[in-house]
Novice: 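Quick one: structure below, then a few questions.
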2 protein chains.
Amino acid sequence: MKGSPGNEIEGRKAYILATVVYEYIATAEPVGSATLTQKYNLGVSAATVRNELAELETEGYLVQPHTSAGRVPSDSGYRTYVDRLMQPEAMGVDERRRICDELRDASHELDEVIEQATKLLGRLSNNVAFITAPQRDSQLFRHIQLIWISSRSGVAIVVTSLGVAAQSLFETAYDVSADDFTHLSNALNARLANTPLRDISPSLVAQTVAELKLNDDLCAIVMRAFESARSSLQNDVASAGAQNLLDQPEFRDLRKLRSILRIVDEQRTLYDLVADAMTTEGPSVKIGRELALDDLDDLSLVTVPYRSGGGVGMLSILGPRRMPYGRLLALATGTADSLTQRLADINATD
Amino acid sequence: MKGSPGNEIEGRKAYILATVVYEYIATAEPVGSATLTQKYNLGVSAATVRNELAELETEGYLVQPHTSAGRVPSDSGYRTYVDRLMQPEAMGVDERRRICDELRDASHELDEVIEQATKLLGRLSNNVAFITAPQRDSQLFRHIQLIWISSRSGVAIVVTSLGVAAQSLFETAYDVSADDFTHLSNALNARLANTPLRDISPSLVAQTVAELKLNDDLCAIVMRAFESARSSLQNDVASAGAQNLLDQPEFRDLRKLRSILRIVDEQRTLYDLVADAMTTEGPSVKIGRELALDDLDDLSLVTVPYRSGGGVGMLSILGPRRMPYGRLLALATGTADSLTQRLADINATD
DNA sequence: GCTAGCACTCCGCGCGTAAGAGTGCTAGAA
DNA sequence: TTCTAGCACTCTTACGCGCGGAGTGCTAGC
């Protein structure tokens, strides 16, 4: 099925492929030779174009929905287009500024900024947008505070380099004084501040608790607070813009629509989708089958990393395979930059 | 259009109306006289039923999609069914227990419990479920803690009777010591604990700040923390189950689907929908036009209150007007009870 | 007041035809 | 060799048509 790989297409044939992809992205209609010669200045006749199209098809870049229809890009057609043929785009200054402004209006809290950015990206991209929280593997512990509520209960707050993270209510089996909490908090802060969160072990905590001659139970409570800080935003995904997909002709099929809505509802799957994009540096584009989603061959995903406090999060746009890759890459990159910037501003106070 | 109001239908006619609504809810097909006599034991012939149907139509309880079709309930047909005709249902003990169990597995945090309950309700109801956070008008202030991070920044945490509420990062224009924060926190806690949050005024705070001879700026910072506690979960709505609507034949129209997906995405509208249900005690059902949603005449909404720490939140199911009202009311009520219970357990530690 | 019968209406479905878009192929021109 | 023009062919889509079925309202009789 697939044409000879390594046989990179060049010149006119490449231009024709690019044009087919471009036109199909714009119109969602299979592209025929006549359309190409009329709308684009190819300098050759429709018959010549037909020959090229036939070759591109045998090489696996294009497919025909049926015998007497125009051509549609295949996964590898899109892939070639994205990797080699399309013109990179950049965001306009105005648009860039608008994004910055909108993010600046949002609250100071990490998750609210992310939510705001997600909505913005969904709106601007006209597709499904989702953003995963910064990966916290590399986050540093900054501050813990045990807050006394009653003689047998309290709240533990853990602040990390990525912002305020976790709060967890707890109960104790016996009376504890507010002073105990204060002393323990101070001791932990003195000892552990700026330690990578993953390096904080039960024994370190136990040592501190023991030195203050406090009950061992507090050890478990503190560890639970660290644990919840470590995992709190893990797998947390904000998403927006699902309704945009209804405009796309490829989703007139209700089964597809159902599949994709379920995927958006299940954060787990969204998270898995970007998981391997995390291993590579810079923007990543996944096309069709590359996403390995059952029943959803005609989706694509654009993913761009952003940074916050040493952690890396992912900002993604999910849409039909027939998406304007150039524009969306520019949009995602620009938004990721703005988001990184905004989060740096917030964290600058630490 | 509307039939004579006050003229309450009784006996056989009422039974026929109930049966039409019941059957239509089950099948989504207009109901004809033949279906009624065959599937339900009415004891009269189809012709007699036709006469009754014609009357029910002139009285406004039923409508005909077209001349030679069966009948479909109108808003007021559904209304009568829900208010007077349908059999109230209750949840099975098993189902009830399963809900409790699932909620117990969730985390201890208010918002995560709510999210869990929302997903559960969406799954069990096969419709869109959404839950608004408890209204915080009546919430009591419990505890504030200003946490020192650096000499010019900190975090303020406010705990209320509804659970840990708000964290807000702040910066100061000049150096502040950790002790200042501790003293101020203690003074505020001593003075204001268990005050309704809305009664806390800037002057109360200013007084406390002044007594400790601290800088006025702290006053604004503290007030901002209170403000954010007051508004943090306001308008916050968790939703789940949008993809369930795709199964309903009334949403094969893509425009409708689009409208409703947008509504689900915009928390604001969802919040408005339940706003007046908040004024009434107990469960509330809104049918079709009563929701006053443009382009969406055939939706209904079941809303049931739940309680947490003196606040009242709303648990809602949104679906096609042709929804199984009895079952969903039972389901929503049962889930609301479980949720109230669960939140009471969590808060019992205060 | 109920029932049986009947003529009527309207929707939905299947079918066949026609139009249109696009192809591949072949023969000839540059 | 490479391109072009022409042509026959294929396949989809849209449209019109007729038919069957479901359900009604009405009327006459029990």
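Per chain, numbering begins at 1; letters A, B, ... match sequence-line order.
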Novice: Distance criterion of 3.5 Å, no angle test: do you see the side chain of Arg12(B) paired donor-to-acceptor with the base of dG1(C)?
Specialist: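 In this structure, the two groups form no donor-acceptor pair.
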Novice: Quick one: does Arg71(A) reach the base of dG24(C) with a side-chain donor-acceptor pair under 3.5 Å?
Specialist: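 By the distance-only test, no, there is no pair.
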Novice: Can you tell me the distance, in whole Å, between the CG atom of Leu62(A) and the C1' atom of dG22(C)?
Specialist: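 It is 14 Å, rounded to the nearest whole Å.
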Novice: Cut-off 3.5 Å, side chains only: do Glu55(A) and Thr58(A) have a donor facing an acceptor?
Specialist: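 Note: Glu55(A) and Thr58(A) side chains miss the donor-acceptor criterion.
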Novice: Which listed nucleotide (dT3(C), dT4(D), dT24(D)) is nearest to the side chain of Thr48(A)?
Specialist: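 Of dT3(C), dT4(D), dT24(D), dT4(D) is nearest to the side chain of Thr48(A).
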Novice: How many whole angstroms separate atom CD of Glu29(A) from atom P of dT23(C)?
Specialist: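 Result: 14 Å.
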Novice: Gln64(A) side chain: which of dC11(D), dT23(C), dG25(D) is closest?
Specialist: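 Out of dC11(D), dT23(C), dG25(D), the nucleotide with an atom closest to Gln64(A)'s side chain is dT23(C).
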Novice: How long is the line joining CD of Glu23(B) and P of dG23(D), in whole Å?
Specialist: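 It is 11 Å, rounded to the nearest whole Å.
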Novice: Can you tell me the distance, in whole Å, between the CG atom of Leu53(B) and the C1' atom of dA22(D)?
Specialist: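 For the pair Leu53(B) CG and dA22(D) C1', the rounded distance is 14 Å.
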Novice: Check whether any side-chain N or O of Thr67(B) sits under 4.0 Å from OP1 or OP2 of dC10(C), and answer yes or no.
Specialist: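 Checking Thr67(B) against dC10(C): at least one side-chain N or O falls below 4.0 Å of OP1 or OP2.
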Novice: Could you state the atom-to-atom distance from NE2 of His66(B) to C1' of dG12(C) in whole Å?
Specialist: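 In whole Å, dG12(C) C1' and His66(B) NE2 are 9 Å from each other.
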Novice: Would you call the rings of Tyr40(A) and Tyr22(A) parallel, tilted or perpendicular if under 30° counts as parallel and over 60° as perpendicular?
Specialist: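 Ring orientation of Tyr40(A) relative to Tyr22(A): perpendicular.
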Novice: Rounded to whole Å, how long is the line connecting atom CG of Leu42(A) with atom P of dC3(D)?
Specialist: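 It works out to 12 Å between those atoms.
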Novice: Can you tell me the distance, in whole Å, between the CD atom of Glu57(A) and the P atom of dG22(C)?
Specialist: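 It is 15 Å, rounded to the nearest whole Å.
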Novice: Return whichever of Ala47(A) or Thr35(A) has its heavy-atom-nearest nucleotide of DNA chain C closer to the 5' end.
Specialist: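 Looking at the nearest nucleotide for each, Thr35(A) comes out on the 5' side.
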Novice: Closest heavy-atom contact between Met91(A) and Leu331(A)?
Specialist: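 Answer, listing the atom of Met91(A) first, then Leu331(A): SD-CA, 3.5 Å.
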Novice: Under the criterion side-chain hydrogen bond (donor to acceptor under 3.5 Å, both in side chains), I'd like the reasoning laid out for Thr303(A) against Ser284(A): C-alpha separation, chi angles, the key distance, then a yes or no.
Specialist: CA-CA 5 Å; Thr303(A) 303; Ser284(A) 126; 4.7 Å; no
Novice: Between P on dC2(C) and CG on Asn51(B), what's the gap in Å once rounded to a whole number?
Specialist: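 So the CG-P distance, Asn51(B) to dC2(C), works out to 9 Å.
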Novice: Which is it for Asn127(B) and Gln248(B) under the side-chain contact (heavy atoms from CB on, under 4.5 Å) test, yes or no, and what are the steps along the way?
Specialist: CA-CA 9 Å; Asn127(B) 280 289; Gln248(B) 310 291 355; 4.0 Å; yes
Novice: What nucleotide among dC3(D), dG22(C), dG25(D) has an atom nearest to a side-chain atom of Ser68(A)?
Specialist: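 The nucleotide sitting nearest to the side chain is dG22(C).
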